[in-house]
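Since the structure comes first, as structure tokens, the remarks are kept for the end.
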Amino acid sequence: HVQLQASGRGLVQPGGFLRLSCAASKAIFWVNFLGWYRQAPGKERELVASFTGSGSTTYAESVKGRFTMSADNAANTLYLQMNTLKPEDTAAYYCNLHQRRWGRNYDYWGQGTLVTVSS
């Protein structure tokens with residue numbers, strides 16, 4: 001069973017930067033989706049960035065050019081580098097992993113980490 005531990009919570013001024021991490025408890029195989037979601041107060045959950053099974057990376061228009069998702073497979077860790085942060089980036093951020101193994105689907109979530117962008 002996979003557990004995801006997110007870290008990187010912080011308070012950042014507009015224009016600042018922050019790096020979020022999502023570490024898996026063990027190596028993960030048969031992954032067909034990796035991504036970061038966020039949910040701001042009063043808003044619906046939003047997909048911020050994702051890797052698909054094809055290996056492509058997709059970003060929400062609201063963060064494109066500012067956020068970069070990467071993975072360190074050796075460390076079983078997913079990262080989200082957030083630059084030029086804006087107040088509207090304030091949200092709880094969640095890493096998410098989809099796994100398909102032995103014909104069954106598994107959906108794993110990190111616990112969420114709060115990012116506040118404010119002056």
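- Taken to the nearest 0.5 Å, the CZ atom of Arg9 stands 7.5 Å off from the OG1 atom of Thr116.
- The backbone N or O of Thr68 sits nowhere less than 3.5 Å from a side-chain atom of Tyr79 that would complete a donor-acceptor pair.
- The two residues Cys95 and Ala6 have their closest heavy-atom pair at SG-CB, 4.4 Å.
- With rounding to the nearest 0.5 angstrom, the CZ atom of Phe67 is 9.0 Å from the CG atom of Leu18.
- Trp109 places a side-chain heavy atom less than 4.5 Å from the side chain of Tyr37.
- Within the structure, salt bridge (charged side-chain N to carboxylate O under 4.0 Å, His left out) pairs that include any residue of residues 66-84 comprise Arg66-Asp89 (at least two apart or interchain).
- In this structure, CG on Leu20 lies 12.0 Å from CE on Met69, to the nearest 0.5 angstrom.
- A donor-acceptor contact shorter than 3.5 Å is absent between the side chain of Asn83 and the backbone of Gly16.
- Annotation: side chain of Trp36 is in contact with side chain of Cys22 (closest heavy-atom distance under 4.5 Å).
- Within the 4.5 Å cutoff, the side chain of Leu4 has no heavy atoms near those of the Tyr94 side chain.
- Of all heavy-atom pairs between Thr113 and Gly8, the closest is OG1-C, 3.8 Å.
- Contact check for Tyr93 versus Val48: side-chain heavy atoms found under the 4.5 Å cut-off.
- Heavy-atom minimum distance, Arg45 versus Gln39: N-NE2, 3.8 Å.
- You'll find the side chain of Asn105 stays beyond 4.5 Å of the side chain of His98, heavy atoms only.
- Checking side-chain atoms of Ser50 against main-chain N and O of Gly35 turns up no donor-acceptor pair under 3.5 Å.
- Sorted pairs that involve residues 97-119 and meet salt bridge (charged side-chain N to carboxylate O under 4.0 Å, His left out), not counting sequence neighbours, are lacking altogether.
- When side chains are defined from C-beta on, Val63 counts as touching Arg38, because their heavy atoms get closer than 4.5 Å.
- Side-chain atoms of Thr90 come within 3.5 Å of backbone N or O of Val117 as a donor-acceptor pair.
- Although no hydrogens or angles enter the test, the distance criterion places no donor-acceptor pair under 3.5 Å between the side chain of Gln111 and the main chain of Gln5.
- Atom CH2 in Trp30 sits 7.5 Å away from atom CH2 in Trp102 (nearest 0.5 Å).
- With Leu34 as the fixed residue, the side chain to side chain contact (heavy atoms under 4.5 Å, CB included) test singles out one of Thr57, Leu97, Asn96: Leu97.
- The environment of CD in Glu88 is crowded: more than 12 heavy-atom neighbours from other residues, nucleotides or ligands sit within 6.0 Å.
- Formation of a donor-acceptor pair under 3.5 Å by the Gln99 side chain with backbone atoms of Phe29 is found in this model.
- Inter-residue side-chain proximity for Leu78 and Leu80 is flagged as unmet; no heavy-atom pair is nearer than 4.5 Å.
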